[in-house]
Number of protein chains: 2
Amino acid sequence: MSEAIRILVADDHNVVRQGLVALIKTVPDMTVVAEAADGAQAVELFRQHRPDVTIMDLRLPGMSGVDAITHIRRDFPSARILVLTTFDGDENIFRALQAGARGYLLKDMFGDELMEAIRSVHAGKTRIPAPIAQRLAERMGGPSLTNRELDVLKLIVAGKSNKDIGAELAISEATVKTHINSILSKLGVSDRTQAATTALQRGIVELPQ
Amino acid sequence: MSEAIRILVADDHNVVRQGLVALIKTVPDMTVVAEAADGAQAVELFRQHRPDVTIMDLRLPGMSGVDAITHIRRDFPSARILVLTTFDGDENIFRALQAGARGYLLKDMFGDELMEAIRSVHAGKTRIPAPIAQRLAERMGGPSLTNRELDVLKLIVAGKSNKDIGAELAISEATVKTHINSILSKLGVSDRTQAATTALQRGIVELPQ
DNA sequence: AAGGAAGTCAACCTTTCGGCCGAGGCGAAA
DNA sequence: TTTCGCCTCGGCCGAAAGGTTGACTTCCTT
């Protein structure tokens, strides 16, 4: 029999992470070599331990999960990272895979499915459940927002008026309206409130706190 | 030594719930007697097993965690329920404690803190961390929305226009505007988009899916 | 060099929204 | 019974938002 799969677990919810570790401990051929509670720690601990597989939540304080994946994969292109999160917004899925994640799992899956996914990723395969792949496909077709449009969208979600947005971004209100027009048509909605809620649903922006 | 504390765990995220169970298994004087993946199941399993302490997430499919708590406490007023969730919106905290929860913990707490909280609740005490109590106090001061205002607020979050809301609730657009006026002043915001985002932040309404 | 995407701004117009007023009905509580 | 909160509706008004079209600049890619 080969050696145990060495695992790094990154999740900011301590009790969840500890539970995950306890669950993995029940499997003979897997070992948790380190636990991270935020993104920076995940990067540092990966560097120290070079785990075979990294299980990473996307919502991490400080450096986000996506940023952590990017950093790790930049230094260690062969890193095998498995995203385990509750968010299934297409934007989150896209960014995580874009950053180099090898799998994207939701936390409603069962423990044995997780173990199977860990083995798959360890073996060099990718692991993306059909419903997740479906959402990814949907996002592929649609247009993507420009950086400036994202700036405006964030301020819309923050509840700012067009005038406020213009002041904050140092552009005229006319320009703000132009961007909002693009945003509405790209998101397929007809007003700013719909833009805000669908952006939150799709994981394009996050709600503060 | 007294008998082990008998625990029911209700959480729809299977891998998280199983992890939690694995974590509790490492403690000698606690036993998980049942696991529920949704609210109705939690109620049914409580009835069957009468656990000493119930650990419940608030976001459950079908019957919500709050509804499950209400049902359980109606039939078993002495039930000791500990909410373990990620949401710290004041409205969620309020509703859970209103429904009869004895404690409200966030998932970023550590395993040993959870065990201590379980013992506290089992001993008949309540367990509400200071930051949580703080949020609860904030909500206490403010005015609360009426049922009708909640109806309107949900449709605002759904991205409906005043005209659509009127049609859906079978009231005139003028009435809708009256309700929205109340909502804006009660939430302390100045437009519908802010109303939507702050309602989501505070846990007054949920984002579909 | 030419093309396209992105960002900027302006003018115009219609619709919607939000603020502010008043008012009636209805049911529960004092 | 009277009072109060909730729900209902109307009108008026100004402000904000959204639709449309066109134009100019920069930068990147072809």
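Throughout, protein chains are lettered first and strands after them, A, B, ... in sequence-line order, and every chain is numbered starting at 1. Quick note: numbers below take in every heavy atom, side chains included, and nothing from hydrogens, waters or symmetry partners.
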side-chain hydrogen bond (donor to acceptor under 3.5 Å, both in side chains) partners for Asn162(B), two or more places apart:
Arg192(B)
Under a 3.5 Å distance rule, please check whether Gln194(B) uses its side chain to pair with a backbone N or O of Ser190(B) as donor and acceptor.
yes
Out of Thr86(B), Val83(B), Ile132(B), which one pairs with Leu106(B) under the side chain to side chain contact (heavy atoms under 4.5 Å, CB included) rule?
Ile132(B)
Check the distance between dC7(D)'s P and Glu149(B)'s CD and give it to me in whole angstrom.
6 Å
Check Lys163(A) with Glu173(A), please: is the shortest side-chain N to carboxylate O separation under 4.0 Å?
no
Of Ala174(B) and Thr146(B), the one whose nearest nucleotide on DNA chain D sits closer to the 5' end is Thr146(B)
Salt bridge present between Lys107(A) and Asp11(A) (N-O < 4.0 angstrom)
yes
Sorted by number, residues from residues 153-168 of chain B placing a heavy atom under 4.0 Å from DNA chain D are none
First and last nucleotide of DNA chain C, 5' to 3', lying under 4.0 Å from heavy atoms of chain A:
dA6(C) to dA10(C)
Check this for me: does any side-chain nitrogen of one of Arg202(B) and Asp90(B) sit under 4.0 Å from a carboxylate oxygen of the other?
yes
Output yes when Asp75(A) and Arg47(A) qualify as a salt bridge under the 4.0 Å nitrogen-oxygen rule, no when they do not.
yes
Judged by modelled atom types alone, do Thr175(B) and Ser172(B) share a side-chain donor-acceptor pair under 3.5 Å?
yes
How about Arg127(A) and Arg102(A): do any of their side-chain heavy atoms sit closer than 4.5 Å?
no
Contact residues, residues 175-205 of chain B to DNA chain D [heavy atom, < 4.0 Å]:
Thr175(B), Thr178(B), His179(B)
What are the atom names and distances for every N/O pair under 3.5 Å that joins the protein to nucleotides 24-30 of chain D?
none

Quick one, Leu105(B) with Leu114(B), criterion side chain to side chain contact (heavy atoms under 4.5 Å, CB included). Give me CA distance, side-chain angles, the key distance, then yes/no.
CA-CA 8 Å; Leu105(B) 309 177; Leu114(B) 170 62; 3.9 Å; yes
SB check Arg95(A) Glu91(A) (cutoff 4.0 Å):
yes
When you look at Val15(A) and Leu20(B), which way does the side chain to side chain contact (heavy atoms under 4.5 Å, CB included) test go after all the steps?
CA-CA 7 Å; Val15(A) 73; Leu20(B) 223 44; 3.8 Å; yes
Report, one line per pair, each donor and acceptor closer than 3.5 Å where one atom sits in a side chain of residues 59-70 of chain A; sequence neighbours left out.
residue  : atom : partner   : partner atom : Å
Arg59(A) : NH2  : Glu206(A) : OE1          : 2.8
Ser64(A) : OG   : Val66(A)  : N            : 3.4
Ser64(A) : OG   : Asp67(A)  : N            : 3.2
Ser64(A) : OG   : Asp67(A)  : OD2          : 3.4
Thr70(A) : OG1  : Val66(A)  : O            : 2.9

